[in-house]
Amino acid sequence: DVILAQLTSQPIGGSLGVTISNADVTTSFKPPNDIMYIYCKKIAVIEKSLIEKTITTLSEAKMVELLEKISSMFEKD
């Protein structure tokens, strides 16, 4: 399975966003978007075999940050 999250060019306030730049991905974003935001509140899981094409991939460090952010949403206070 693969975790999907919403990617947007609009800044996300609060603790639910992760900022990514061209340095964090294998294929750069198209200008003028050199910074994008992952909205962790809007996530889904999909079977990997249903994905037809990979456009870009996050760096390992940014993936760890994203997974920690998503995991923290499910922790009890």
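The shown structure was predicted, so the numbers you read here are calculated from the model rather than taken from an experiment.
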hydrophobic_cluster_shared for M63 and F74, side chain cutoff 4.5 Å
yes

What one should report as the nearest heavy-atom pair of N33 and M36 is CB-SD, 3.7 Å

Which heavy atom of I46 sits nearest a heavy atom of L4, and at what distance?
CG2-CD1, 3.6 Å

Supply the atom-to-atom distance E65 CD to D24 CG, rounded to the nearest 0.5 angstrom.
8.0 Å

Heavy atoms only: give me the nearest T56-T27 pair and the separation to one decimal.
OG1-N, 2.9 Å

Looking at every non-hydrogen atom in both residues, tell me the closest pair between C40 and L66 and how far apart they are.
SG-CD1, 3.6 Å

Taking CD1 in I51 as the centre, count heavy atoms belonging to other residues, nucleotides or ligands within less than 6.0 Å. Is the count above 12?
yes

Over all atoms of both residues, closest heavy-atom pair of K62 and I20:
CG-CG2, 3.5 Å

Starting at NZ of K30, measure out to CD1 of I55 and round the result to the nearest 0.5 Å.
8.5 Å

Verify, without hydrogens or angle tests, whether K41 (side chain) and M73 (backbone) share a donor-acceptor contact under 3.5 angstrom.
no

Starting from Y39, can I reach I35 by hopping between I/L/V/M/F/W/Y residues whose side chains sit under 4.5 Å apart?
yes

Same apolar cluster: I43 and L16, side chain cutoff 4.5 Å
yes

dist I70:CD1 -> E68:CD (nearest 0.5 Å) comes out at 11.0 Å

Show your reasoning for whether side-chain contact (heavy atoms from CB on, under 4.5 Å) applies to I3 and L67.
CA-CA 9 Å; I3 297 173; L67 293 174; 4.0 Å; yes

Here the pair of heavy atoms bringing L7 nearest to F29 is CD2-CE2, 4.3 Å

For the pair T26 (side chain) and T57 (backbone), establish whether a donor and an acceptor sit closer than 3.5 Å, ignoring hydrogens and angles.
yes

Starting from the C-alpha separation in whole Å, work towards a yes-or-no answer on side-chain contact (heavy atoms from CB on, under 4.5 Å) for E47 and D1.
CA-CA 4 Å; E47 168 62 39; D1 291 346; 3.3 Å; yes

